[in-house]
Chemist: 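Below you will find the structure I want to go over with you.
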Amino acid sequence: QVQLVESGGGLVQPGGSLKLSCTASGTFFSIYTIDWYRQAPGKQRDLVATITAGGTTNYADSVKGRFTISRDNIKNTVYLQMNSLKPEDTAVYYCHLRLTTYWGQGTQVTVSS
């Protein structure tokens with residue numbers, strides 16, 4: 001059974017940093033493109049960042065230059081380093097194996113003073 005478990009969320013002040021992790025089990029993690037999405041209250045779930053099996057990355061315009069996605073295929077883990085956080089980054093963050101129905105449970109990120 002495939003499981004994705006996110007961690008690393010929390011409360012941070014504007015301008016601060018957080019590093020999210022998403023660890024997969026029960027699947028050949030290294031073959032998948034992995035997406036990070038986020039969903040703020042009352043809003044749709046939006047794609048934030050993507051990393052392919054080959055390590056190519058893409059970012060939403062709203063996070064370019066501030067967020068970095070990376071992966072460690074040995075540890076079956078993908079990371080989202082988030083710097084210069086803004087209140088509008090507040091959301092539940094989810095990881096997703098592209099082209100599958102597998103999602104993590106989400107981790108809350110709150111940016112507030």
Chemist: Please identify which of these residues, Glu6, Gln108, Arg38, meets the side-chain hydrogen bond (donor to acceptor under 3.5 Å, both in side chains) condition with Tyr93.
Modeler: Arg38
Chemist: Answer yes or no on whether Arg66 is positioned over the face of Tyr59, meaning its NZ or CZ is under 6.0 Å from the six-membered ring centre and within 45° of the axis.
Modeler: no
Chemist: Please state whether the rings of Tyr94 and Trp103 are parallel, tilted or perpendicular, taking 30° and 60° as the class boundaries.
Modeler: perpendicular
Chemist: Which atom pair, heavy atoms only, marks the closest approach of Ala53 to Ser30?
Modeler: CB-O, 3.4 Å
Chemist: Does a sphere of radius 6.0 Å around CD1 in Ile74 hold more than 12 heavy atoms from other residues, nucleotides or ligands, not counting ones at 6.0 Å or beyond?
Modeler: no
Chemist: Check for me, please, whether Leu99 and Tyr32 land in the same ILVMFWY cluster - side-chain distances under 4.5 Å, paths through other members count.
Modeler: no
Chemist: Using side-chain contact (heavy atoms from CB on, under 4.5 Å), reason through Val109 and Val111 one step at a time and then give a plain yes or no.
Modeler: CA-CA 7 Å; Val109 171; Val111 185; 4.2 Å; yes
Chemist: Can you see which heavy atom on Tyr79 is nearest to which on Asp72, and at what distance?
Modeler: CE1-CB, 4.0 Å
Chemist: List the steps, then state whether side-chain contact (heavy atoms from CB on, under 4.5 Å) holds for Ser17 with Val12.
Modeler: CA-CA 7 Å; Ser17 298; Val12 64; over 6 Å; no
Chemist: Check this for me, if you would: do Lys64 and Asp61 make a salt bridge, where the nitrogen-to-carboxylate-oxygen distance has to be below 4.0 angstrom?
Modeler: yes
Chemist: State, without any angle test, whether Thr52 and Thr33 hold a side-chain donor-acceptor pair at a distance under 3.5 Å.
Modeler: no
Chemist: Find out if a path of hydrophobic residues (ILVMFWY) with successive side-chain heavy-atom gaps under 4.5 Å connects Leu4 to Tyr37.
Modeler: no
Chemist: Scan Leu80, Val78, Thr56 and name whichever one has a side chain to side chain contact (heavy atoms under 4.5 Å, CB included) with Ile51.
Modeler: Val78
Chemist: Any side-chain donor paired with an acceptor under 3.5 Å for Thr23 and Asn76?
Modeler: no
Chemist: Are Leu97 and Val92 co-members of a hydrophobic cluster defined by side-chain heavy atoms under 4.5 Å apart?
Modeler: no
Chemist: Would you check, one step at a time, whether the test side-chain contact (heavy atoms from CB on, under 4.5 Å) holds for Thr27 with Tyr102?
Modeler: CA-CA 10 Å; Thr27 185; Tyr102 300 122; 6.0 Å; no
Chemist: Could you tell me which non-hydrogen atom of Phe29 sits nearest to which non-hydrogen atom of Arg71, and how far apart they are?
Modeler: O-NH2, 3.0 Å
Chemist: Mind listing the closest non-hydrogen atom pair of Pro14 and Ser112 along with its distance?
Modeler: CD-C, 3.6 Å
Chemist: Can you list the steps and then say if Ile69 with Thr50 is a side-chain contact (heavy atoms from CB on, under 4.5 Å)?
Modeler: CA-CA 7 Å; Ile69 189 171; Thr50 296; 5.5 Å; no
Chemist: Hydrophobic cluster membership, with links at side-chain heavy-atom distances under 4.5 Å among I/L/V/M/F/W/Y: are Val2 and Val5 in one?
Modeler: no
